[in-house]
Every structure is written in structure tokens, then in C-alpha cells.
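Inspection log for the structure reproduced underneath, given as C-alpha cells.
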Amino acid sequence: MRKSHPIRRVVLATAATVSGVVLLLSLKPASDPAAASAAGTAPQRTAPGQQTPQGGQQGGAQAAAGSGTVTGDAAQTQYGTVQVRLTVAGGKITKAEAVQAPKGGLSDQKTQLAVPKLNQEAVAAQSARIDAVSGATYTSTGYKKSLQSALDKVKESSAGSAGSPGTSGSAGTGGTSGSSGSGGSSGAARARTVTGKVSRTQYGPVQVRITVSGGKITKAEAVQAPKGGLSDQKTQLAVPKLNQEAVAAGNAGIDAVSGATYTSTGYKQSLQSALDQAGG
């Protein structure tokens, strides 16, 4: 049996040692930042416009506050029902439409004449203080009542959404415990409706109902007024003007409407009675 040469053993051992060292060097982890980045350890970045929760960009739901579609209460008129629907964006009326209006016979013509004008005026005025359309007084009066109802709903919705952020606990670290939110909701709760006493006039009873918020009249309407014959015309002429003046003045010191003195006097007496009950 042949014995291996000692020199050959040395060469093999040396080759094995060199191979081991090369393997160890090739497995050493990279320590520079470029290698770390290539290995996927680079710090994460947030997408543009999307900050972390502490950054505070919460756009969606809060931006939509004070926006949407609101339908007012149906107002009954002598010729049919009138109901208004508003589209609101950022607290402003962007569209107004009558989802119900008097129909049939002559009412069709009056509705076609009046409603488009009333829609335009509602958007332009941003309130229910719009002029009645000549020849369509009943439709105009019903439209304004339903419009005011829709506006009241918008205000209530806005007051509720404005009050809710105050209840957030995060504001408590600054020493204010979110009490502002409750103040908004309680302010909305102070709005109330008061009906004055019936005032008897030569042509019939007059009774006024007002909505009061924050000590101010926000809405006035005659729940009773003289009717029949010439009284109908005088009531249609006088009551819308008296309602507007009552809201504008905030008291019963308003001017009588020319040609409707009795109705005006009865209106002011009932209005004063309502103000007395409201503490105004």
C-alpha cells in the first residue's frame, strides 16, 4: 500500500484553509448605509397628503360638514301642497327645487310661472326672505314656509356638527375639557316656538307664532288671519310683509301694511303677546 507524500498533505491543508477564509469573508454583513438601504431597511415615508395621526390631516368627514340635501316640511295652501328641497354645500344653498307644488287646471300655469323664479331667488337670497311671485301668492307663501323649514333644519344640523368636536378628549391636555362642544348643542336647544294670544279684529281673528333663538326672532308666521272675500286678498298682501318686518325688527314696533290696517293691528297685538311669553 502506497503512503501519501508529506508535501501533498501540506498543500491540501493550505488549500482548505484558504477556501474557509474566503467563505467567511463573503458571508460578512454589509455595514454601510447603501447596503442597508438595498436590503430594504430604509426608513418608511408617508404618502403625500397623508400625515400620521398626530399630524392631524383628517379631511373627509369634517370637510363635508354643512353639506347635503335637506327637505323642508310640506306647507298646505288653498290650491295644494308645496314642499321645498335644498342642496347645501359649505353652509350655502347651491340649489333649490319644489318637490311638491299645486297641480291641475290653472294651478299648472301658476306653478310653472312661479316655482323657477322662487328657486332662483332662494339661491340668490340664501334665506326665505324672498318676494312673492305676482299672480301666485298662495304658492309663493307655501314655498317660503317650506323653505324656512328646510333652512331651520340646516342650521340645526350645522349647530350639532359644530358642537361635536368639543367633546374630543385630545383637547383636554391643554386644560380645556371640551366644554365648548356642549355649549354648541345647548345653544341649539334654546330655540323655541311661542304662539301669541288670538287678537280679534273687525274682519276676523289674528294669531302669530314666532320662533325665538338666542333672544332673537328667527321666524314669524300668522297661524290665524282673516279669510273670505276681500279679506283673502288683504291677508295675502299683509301677512308676508308683517312676518318679514317682525323678524327684521325683533319686536312688535312694526309698521302697518297700507290697506290692511285691521289685520296689521291684530298681528302686532298677537306678536307682542308672543314676545311677552318669550320674555322679549
Tell me whether [X] contacts the main-chain N or O of [Y] through its side chain, where contact means a donor paired with an acceptor under 3.5 Å.
X	Y	result
Lys92	Gln126	no
Thr235	Ser231	yes
Ser199	Ser270	no
Thr211	Thr218	no
Gln83	Ser146	no

Joint cluster assignment, Leu151 & Val123, ILVMFWY side-chain distance < 4.5 Å: yes

Hydrophobic cluster membership, Val239 vs Ile210, 4.5 Å side-chain cutoff: no

Which pairs would a plain distance check flag for residues 245-256, meaning a side-chain donor or acceptor within less than 3.5 Å of a matching protein atom at least two apart in sequence or in another chain?
residue, atom, partner, partner atom, Å
Glu245, OE1, Asp255, N, 3.3
Asn251, OD1, Gly253, N, 2.8
Asn251, ND2, Ala249, O, 3.4

Mind listing the side-chain donor-acceptor pairs of residues 219-229 below 3.5 Å, one per line with the distance, residues two or more places apart or on another chain?
residue, atom, partner, partner atom, Å
Glu221, OE2, Arg209, NE, 3.2
Glu221, OE2, Arg209, NH2, 3.2
Gln224, NE2, Gln207, OE1, 2.9

Distance in Å, [X] [atom1] paired with [Y] [atom2], rounded so as to fall on 0.5 Å steps:
X	Y	atom1	atom2	value
Ile130	Leu147	CD1	CG	5.5 Å
Ile217	Leu271	CD1	CG	5.5 Å
Lys234	Ser258	NZ	OG	9.5 Å

Results of side-chain hydrogen bond (donor to acceptor under 3.5 Å, both in side chains) for Thr265 - residues two or more places apart only: none

Ring pair (Phe, Tyr, Trp, His ring centres under 6.0 Å) contacts touching residues 94-118 (sequence neighbours left out): none

Option among Lys145, Lys153, Arg85 that satisfies the salt bridge (Lys or Arg N to Asp or Glu O under 4.0 Å) test with Asp73: Lys153

Which residues share a side-chain contact (heavy atoms from CB on, under 4.5 Å) with Leu237, sequence neighbours left out: Lys241, Val257

Donor on one side chain, acceptor on other, Gln112 and Asp108, under 3.5 Å: no

Whichever hydrophobic residues join Tyr79 through chains of side-chain contacts under 4.5 Å: Tyr138

To check you understand the geometry: which heavy-atom pair defines the closest contact between [X] and [Y], and what is its length?
X	Y	answer
Gly142	Ala75	O-CB, 3.3 Å
Ala132	Lys144	N-NZ, 4.3 Å
Val194	Ala278	CG2-CB, 4.1 Å

